[in-house]
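Source: prediction; values computed, not measured. Reminder, nothing fancy here: chain letters follow the sequence lines and each chain counts from 1.
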Number of protein chains: 2
Amino acid sequence: MNENEYLKLDNQICFALYVCSKEIIKKYRPLLEPLNLTYTSYIAMLSLWEKDGVTVKELGDTLFLDSGTLTPLLKKLEITGYISRKRDTHDERNLRIYLTEKGKELKVRAEEIPGNLLCSIYTGNYCDSSEMIKLRDTLHKLMRKFLASEKSDKT
Amino acid sequence: MNENEYLKLDNQICFALYVCSKEIIKKYRPLLEPLNLTYTSYIAMLSLWEKDGVTVKELGDTLFLDSGTLTPLLKKLEITGYISRKRDTHDERNLRIYLTEKGKELKVRAEEIPGNLLCSIYTGNYCDSSEMIKLRDTLHKLMRKFLASEKSDKT
DNA sequence: TTAATTAAAATTGCATACAATTTAATTGTA
DNA sequence: TACAATTAAATTGTATGCAATTTTAATTAA
């Protein structure tokens with residue numbers, strides 16, 4: 001690849017990631033709207049369905065989001081009635097997020113979403129399942145790198 | 001993969017794309033700041049360095065962005081002095097974007113960015129170059145799918 | 001034990017993204 | 001030729017994202 005090629009849009013991995021991420025998120029919209037969720041609140045719920053009672057900090061570490069994004073998002077989820085926000089009794093700095101009954105019940109309705117979404121992506125013969133698994137694994141390797149480099153930033 | 005697994009965050013390809021895209025864009029920031037560019041204005045410049053004189057619509061098709069995002073972005077690039085915006089003489093609906101001399105000169109300074117960025121991602125032994133090429137190819141397949149599905153949306 | 005430091009959320013300000021609507025220009029058609 | 005339909009930008013409104021700062025609580029060190 002010569003000098004000039006490096007600036008070509010087609011060679012930018014980040015641009016491809018950016019486009020694919022945005023386009024898939026657009027496809028989530030009609031599936032999430034009936035549940036009163038946006039994509040960001042959806043991944044927050046996914047995380048909480050796996051483990052709730054976590055602090056904003058812990059949730060942010062999992063979702064790669066900071067309090068500037070999470071605070072208003074979680075306030076809305078509380079208003080919608082899916083979660084409650086309570087200060088930790090032992091350390092008042094921590095705000096802990098708990099699923100409400102309504103929030104727990106939502107999981108059942110959410111279960112059909114991944115399948116519906118995959119339908120709109122997989123169909124056709126562009127990508128087979130093994131290629132998607134390989135994709136996910138490569139991305140997870142990258143994510144682990146970001147986690148590691150964030151730690152070293154603090155040093 | 002059983003029912004419950006589908007909602008696990010680790011199995012969401014979109015979440016992995018979303019995180020990787022955001023984290024890489026963060027790494028661009030310090031490299032782009034000296035050039036007075038944000039990530040979005042950077043990809044707009046990348047596209048214009050390949051081909052300028054295009055309409056907002058054409059640029060939007062290339063970047064997967066709409067006029068709601070591009071109009072304010074391009075106005076800023078015009079103020080910075082990298083581009084000029086001129087209505088097409090033959091069809092006044094079209095706004096054509098041209099690089100200024102300053103905008104063309106910027107390309108030289110931008111040439112070191114892809115290399116610097118890759119350094120901050122590749123280093124270590126998590127991802128080798130062939131894996132990144134495979135990643136890019138898979139993402140390009142997905143992008144072509146999005147293009148195709150957008151066309152069919154209009155039908 | 002108090003002052004300095006650290007830590008977690010919240011806040012502020014700026015830059016996207018995009019759906020939906022509006023405005024202006026062009027095209028197709030009766 | 002009028003006029004409806006279409007098209008391209010721009011505008012409006014909502015929801016992020018994140019850097020930087022502020023606020024409050026807890027911890028550490030003098």
N/O (side chain, B/Thr55) to phosphate O (OP1/OP2, D/dA9) under 4.0 Å: yes

Contact under 4.0 Å: B/Asn94 side-chain N or O vs D/dA9 OP1/OP2: yes

OP1 or OP2 of C/dT11 under 4.0 Å from side-chain N/O of A/Lys75: yes

Nearest-angstrom distance from the residue atom OH of A/Tyr39 to C1' of C/dC18: 17 Å

D/dG17 OP1/OP2 closer than 4.0 Å to side-chain N/O of A/Thr40: yes

Touch class at under 4.0 angstrom, heavy-atom based, for A/Ser67 against every strand present: base

Atom-to-atom span, CD of A/Glu23 to P of C/dA17 - whole angstrom: 12 Å

Touch class at under 4.0 angstrom, heavy-atom based, for B/Leu65 against every strand present: sugar-phosphate

Test of ring centre spacing under 6.0 Å for B/Phe64 and B/Phe146: no

Selection from C/dA19, D/dT16, C/dA10 that lies nearest to any side-chain heavy atom of A/Arg29: C/dA19

Proximity to the side chain of B/Lys26 - top-ranked nucleotide from C/dA9, D/dA19, D/dA25: D/dA19

Donor-acceptor pair present, B/Arg93 side chain and D/dT7 base, under 3.5 Å: yes

Nearest to side-chain heavy atoms of A/Val56, which nucleotide of C/dA10, D/dT11, D/dA25: C/dA10

Side chains of B/Leu95 and B/Leu74 in contact at under 4.5 Å (non-hydrogen atoms): no

A/Thr71 (side chain) and C/dA9 (base): donor-acceptor pair under 3.5 Å: no

Charged tip of B/Lys26 within 45° of B/Tyr28 ring normal and under 6.0 Å: no

Separation of D/dA26 C1' from A/Lys57 NZ (nearest whole Å): 16 Å

Out of C/dA15, D/dA10, D/dG17, whichever nucleotide has its closest atom nearest the side chain of B/Tyr18: D/dG17

Euclidean distance, atom CG of residue A/Leu37 to atom P of D/dA15 [Å, nearest integer]: 13 Å

Side chain of A/Arg87 - closest among C/dA8, C/dT26, C/dA9: C/dA9

Options D/dC18, C/dA10, D/dA8, nucleotide nearest the side-chain atoms of B/Lys22: D/dC18

Interatomic distance, B/Glu33 CD vs C/dC14 C1' [rounded to whole Å]: 12 Å

Nearest-nucleotide comparison on DNA chain C, the residue closer to the 5′ end among A/Gly68 and A/Asp91: A/Asp91

Options C/dT27, C/dT16, D/dC18, nucleotide nearest the side-chain atoms of B/Lys76: C/dT16

Pair partner, C/dA30 [Watson-Crick or wobble, under 3.5 Å]: D/dT1

Basic-acidic side-chain contact under 4.0 Å: B/Lys104, B/Glu101: yes

Proximity to the side chain of B/Leu73 - top-ranked nucleotide from D/dC18, C/dT16, D/dT16: C/dT16

A/Thr69 side chain, from C-beta outward: closest of D/dA8, D/dA9, D/dT16: D/dT16

Atom-to-atom span, CG of A/Asp88 to P of D/dA26 - whole angstrom: 9 Å

Separation of atom CZ in B/Phe64 from atom C1' in C/dA19, rounded to whole Å: 18 Å

Lys/Arg N to Asp/Glu carboxylate O, B/Asp61 vs B/Lys57, below 4.0 Å: yes

Ion pair B/Glu92/B/Arg87, N-O distance below 4.0 Å: no

